[in-house]
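In this text, all values refer to a predicted model and were calculated from it rather than measured experimentally.
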Amino acid sequence: MSGRNEDENKGISLLGKEGVKYRADYAPEVLETFINKHPDNDYFVKFNCPEFTSLCPITGQPDFATIYISYVPDEKMVESKSLKLYLFSFRNHGDFHEDCVNIIMKDLIKLMAPKYIEVWGKFTPRGGISIDPYCNYGKPGTKWEEVAWHRLSNHDMYPEKIDNR
């Protein structure tokens, strides 16, 4: 049976710990990584966060969204509990929807240098309109740079029927 040794788990300090503090202010420093044991395989890892909240920077009213994060890891992967704590840290953070998804993507690129990543925020309507920003990135000089352009240029060609928000 395959497992992880101590070196492979270096940098993971939140998983399995009780009493971890949930930050209510933007906190990218809580993000942690672990070693990808399969860097030669190209595969997607997808996270869905249906309870994302942030604040409107003008009115201070809460904004609610489902955040979808999909990435193709290279050498490092983001640890899921640290990602949950990080996303929770937006709770009292005031930024527009478009800013939130781009900040999340850029923080994850800085953290783990993935081959490819995309972040899509599906925000619930306020004032009769929903905003669903999407951003992505492919590592420059690789096939993933082309994948990023293709996915962006063909993104959401068939918008869904909005009846569940």
For the residue pair [X] and [Y], what are the closest heavy atoms and their distance?
X: K115; Y: N41; result: NZ-O, 3.8 Å
X: C135; Y: N102; result: CB-OD1, 3.6 Å
X: P28; Y: D107; result: CB-OD2, 3.7 Å
X: V119; Y: I67; result: CG1-CG2, 4.0 Å
X: V101; Y: E98; result: CG2-O, 3.4 Å
X: M112; Y: I117; result: CE-CD1, 4.3 Å

Do [X] and [Y] make a side-chain contact, defined as non-hydrogen atoms from C-beta onward lying under 4.5 Å apart?
X: I104; Y: Y86; value: yes
X: I131; Y: P133; value: yes
X: P62; Y: T53; value: no
X: D74; Y: K139; value: yes
X: I69; Y: L83; value: yes
X: M105; Y: Y137; value: yes

Backbone N or O of [Y] within a donor-acceptor pair of the [X] side chain at under 3.5 Å?
X: N36; Y: M77; result: no
X: S89; Y: A27; result: yes
X: Y71; Y: V78; result: yes
X: S153; Y: H150; result: yes
X: T124; Y: F64; result: yes
X: S130; Y: P125; result: no

Practice task
Measure centre to centre between the rings of F90 and Y26, then say whether the value is under 6.0 Å.
Solution key: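 Aromatic pair counts; centres sit under 6.0 Å.
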About how many Å separate [atom2] of [Y] and [atom1] of [X], when rounded to the nearest 0.5 Å?
X: L87; Y: C49; atom1: CG; atom2: SG; result: 5.0 Å
X: L85; Y: E29; atom1: CG; atom2: CD; result: 11.0 Å
X: D25; Y: F88; atom1: CG; atom2: CZ; result: 10.5 Å
X: W144; Y: Y116; atom1: CH2; atom2: OH; result: 8.5 Å
X: N154; Y: W149; atom1: CG; atom2: CH2; result: 9.0 Å
X: N48; Y: K122; atom1: CG; atom2: NZ; result: 10.5 Å

Handout entry: T59 and R126: CA distance, side-chain angles, deciding distance, side chain to side chain contact (heavy atoms under 4.5 Å, CB included) verdict
Key = CA-CA 12 Å; T59 66; R126 258 200 313 121; 4.1 Å; yes
Exercise for the section: Show your reasoning for whether side chain to side chain contact (heavy atoms under 4.5 Å, CB included) applies to S54 and F52. Expected result: CA-CA 7 Å; S54 61; F52 180 84; 3.9 Å; yes
Problem - Basic-acidic side-chain contact under 4.0 Å: D42, K143 - result: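 Salt bridge flag = yes for K143 with D42.
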Practice task
Using a strict cut-off of less than 4.0 Å between a Lys/Arg side-chain nitrogen and an Asp/Glu carboxylate oxygen, indicate whether R151 and E118 qualify as a salt bridge.
Solution key: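 Between E118 and R151 there is a salt bridge, with a charged N closer than 4.0 Å to a carboxylate O.
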Exercise for the section: Would you kindly confirm whether I103 and L31 end up in one hydrophobic cluster when ILVMFWY residues are joined by side chain heavy atoms under 4.5 Å apart? Expected result: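 Hydrophobic grouping puts I103 with L31.
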Handout entry: Intermediate values then yes/no, side-chain hydrogen bond (donor to acceptor under 3.5 Å, both in side chains), Y134 and N136
Key = CA-CA 7 Å; Y134 170 88; N136 72 7; 3.2 Å; yes
Exercise for the section: Give the ring-plane orientation class for H97 versus F123, where under 30° counts as parallel, over 60° as perpendicular and anything between as tilted. Expected result: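 Rings of H97 and F123: parallel, under 30°.
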Exercise for the section: Could you check whether the rings of H38 and Y43 sit parallel, tilted or perpendicular, using 30° and 60° as the cut-offs? Expected result: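 The arrangement is perpendicular - the two ring planes meet at more than 60°.
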